[in-house]
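Structure first, commentary second.
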Amino acid sequence: MHNPFKNAMAQLDKVAKINKSFSAEFIKRMRQPDRDIRISIPIKMDDGSLRVFEGYRVEYNNALGPYKGGIRYHLDTEINEVKALAFWMALKCAVAGIPMGGGKGGVTVDPKKLSKGELEKLSRGWVQKLSDILGPYKDVPAPDVNTTPEIMAWMADEYKKITKNKNINETRATFTGKPIDKGGSEGRGPATGLGGFYAFDALRKELKLPEECKVVVQGFGNVGGNVARIFTENKHKVIAVSDSKSAIFNKNGLDLEGVENYKKKTGSFKNFPGAKNITNAELLELPCDLLIPAAFENVITEKNAGKIKAKAILELANGPTTPEADEILFKKDIPVVPDILANSGGVVVSYFEWDQNLKNKHWSEEKVFEKLNKIMKGASKKMLEKTKKTKTSLRMGAFILALERIKEKIL
Ligand code: GLU
């Protein structure tokens, strides 16, 4: 079983080796979350039986602002994954330059096996166990894998009921990624994918990529689906996509609208007319300009990194590349735009949502996208400068940038 936290700490050790200005004390401190909490959530199921789910919240670091990060519902979710994701959130917010710290939550569950009522009970149960530590200035959760705006609305409602806080701006600002009519921000849905596109756009020339790229997208959830659409709308060609059950490829480009409709109808991409069925492993090794892992951790490992034929990688998943694979890609001269920069668009718009809630404002989609683009461009440029100055990989450049900002506040 892989341990994402071990990988995260290997990245931290590497940055400590490269950048001697981080003291041993600082690195020691960054190796531990401020707290990790495990909870049990008992749920009366529809058939009358009782099930007890295991849930988590890790508050990693709040040097730059309230703990911030999503809640993941997945069968593979466990404490080491949540710790790693919380650590990456702290760095992500720091790279983006937003006043937020890092946290993450989760529940070990396959939400597709629950009825809507059971899902609501589970979500409210998570808040009941953790309401003491949450709050707009303390810890602000958001969606992640398998959690939706509707789930955020149930959670915000539960939080309001428990705390009896009459200040609606504050109870709303305790969760981001809410539906628009419940205080959500315009543009939060596609924000991660769009932010990834803005980062790519800012770095494209530096990555030596053509104006029209052949793009491969792994994963078709909120992030993968949106990023495939956004790249297509911007004249790039998406030549392969995958979900948890299937993968398809057409070297001349896929008709993305057709692909989306086909998946809606049949539940997967399998046998989509005009494309070839391939395996997920084959998809990652296709020759292309840009490979976008947009699903889970540990998909590019020492086993397949040597076979990757993409000219560059844009990490929209969290932790898709292991430290060993990173070394191989670096030697092969395949640049990797790291997760903590590439997928920060989601949390950036979450920060906008929090800010709008507290000020009781609602910005237009145009304004949200403009502000997001500005942040992604600025952060990409700063990461690049750090990378060049320290003659290292983009990931190490982003890590140094983030850790310097955190260090300044805690030591
Ligand atoms: N779950 C997203 C992430 O991994 C967004 C977190 C947030 O909006 O707070 O970055």
Side-chain angles (χ1 to χ4, degrees), residues 4 8 56-62 64-74 77 81-107 126 134-149 151-152 155-156 172-179 183-196 198-199 219 221-224 226-227 293-297 314-320 337-357 368 372 375-376 379 398 402:
Y56 319 89
R57 185 70 179 168
V58 174
E59 296 187 329
Y60 209 96
N61 186 284
N62 65 351
L64 297 176
Y67 301 104
K68 183 86 195 81
I71 304 165
R72 177 172 292 200
Y73 286 179
H74 199 276
T77 292
E81 182 190 47
V82 183
K83 267 165 76 177
L85 292 164
F87 169 74
W88 287 323
M89 282 309 304
L91 301 190
K92 200 184 292 191
C93 295
V95 171
I98 58 173
M100 292 283 170
K104 201 84 177 194
V107 178
W126 191 91
L134 305 177
Y137 305 108
K138 294 199 282 185
D139 186 340
V140 184
D144 195 74
V145 173
N146 289 331
T147 46
T148 59
I151 292 175
M152 293 306 117
M155 289 185 158
R172 284 186 156 175
T174 303
F175 292 85
T176 61
K178 302 176 296 294
S185 176
E186 301 292 339
R188 177 62 184 85
T192 308
L194 186 62
Y198 288 151
N222 175 44
V223 179
N226 271 303
V227 87
F296 290 98
E297 303 94 77
L314 183 71
E315 292 185 333
L316 287 198
N318 289 307
V337 185
D339 47 5
I340 59 166
L341 177 280
N343 72 26
S344 63
V347 73
V348 168
V349 177
S350 272
Y351 158 61
F352 294 162
E353 181 173 332
W354 174 85
D355 198 29
Q356 290 170 81
N357 288 153
V368 168
L372 174 63
I375 288 187
M376 296 308 300

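Counting starts at 1 for both ligands and their atoms, in listed order.
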Knowing that exactly one of Asn357, Thr176, Val349 qualifies, which makes a side-chain contact (heavy atoms from CB on, under 4.5 Å) with Ser185? Val349
What closest approach, in Å, do Ala142 and Ser350 show between heavy atoms, and which atom pair accounts for it? CB-OG, 4.1 Å
Side-chain touch Asn318/Asp144, heavy atoms, less than 4.5 angstrom: yes
Starting from atom 3 (C) of ligand 1, which protein heavy atom do you reach first, and at what distance in Å? Lys92 NZ, 3.3 Å
Ligand 1 contact on Pro143 by region, counting heavy-atom pairs under 4.0 Å: backbone
Check whether any side-chain heavy atom of Met100 lies under 4.5 Å from a side-chain heavy atom of Val347, and answer yes or no. no
Consider ligand 1: state whether an atom of it lies below 4.0 angstrom from any non-hydrogen atom of Arg72. no
When you compare ligand 1 with Asp144, is there at least one nitrogen or oxygen pair between them that comes in under 3.5 angstrom? yes
Nearest-contact summary for atom 9 (O) of ligand 1 - protein heavy atom, Å: Lys68 NZ, 2.8 Å
Would you mind listing which atoms of ligand 1 come within a distance below 4.0 Å of any non-hydrogen atom of Gly346? 8 (O)
Atom 5 (C) of ligand 1 has as its nearest protein heavy atom Arg188 NH2, 3.5 Å
Return the residue, atom name and 0.1 Å-rounded distance of the protein heavy atom closest to atom 7 (C) of ligand 1. Ala142 CB, 3.3 Å
Does Met100 reach ligand 1, in the sense of a heavy atom lying below 4.0 Å from it? no
Correct closest heavy-atom pair for Asp139 and Pro66 would be N-CB, 4.3 Å
Identify the closest protein heavy atom to atom 4 (O) of ligand 1: which residue and atom is it, and at what distance? Lys104 NZ, 2.9 Å
Do Ile71 and Arg57 come within less than 4.5 Å of each other through their side chains, counting heavy atoms only? yes
Would you mind listing which atoms of ligand 1 come within a distance below 4.0 Å of any non-hydrogen atom of Ser350? 7 (C), 8 (O), 9 (O)
Could you pull out the closest heavy-atom pair between Pro320 and Asp339, with the gap in Å? CD-OD2, 4.1 Å
Shortest non-hydrogen contact from Val140 toward Lys68: O-NZ, 2.8 Å
Rounded to the nearest 0.5 Å, what's the gap from CG on Asn61 to OH on Tyr67? Could you check? 7.0 Å
Could you see which bit of Asn318 sits under 4.0 Å from ligand 1, with heavy atoms only: side chain, backbone, both or neither? side chain
By number and element, which atoms of ligand 1 are closer than 4.0 Å to a non-hydrogen atom of Gly69? 9 (O)
Between Thr176 and ligand 1, does any nitrogen or oxygen pair lie at a separation below 3.5 Å? no
Suppose I only count heavy atoms of Met89 and a 4.0 Å limit; which atoms of ligand 1 are within that range? 3 (C), 4 (O), 6 (C), 10 (O)
Distance col, row Phe352:CZ vs Leu372:CG, nearest 0.5 angstrom, shows 6.0 Å
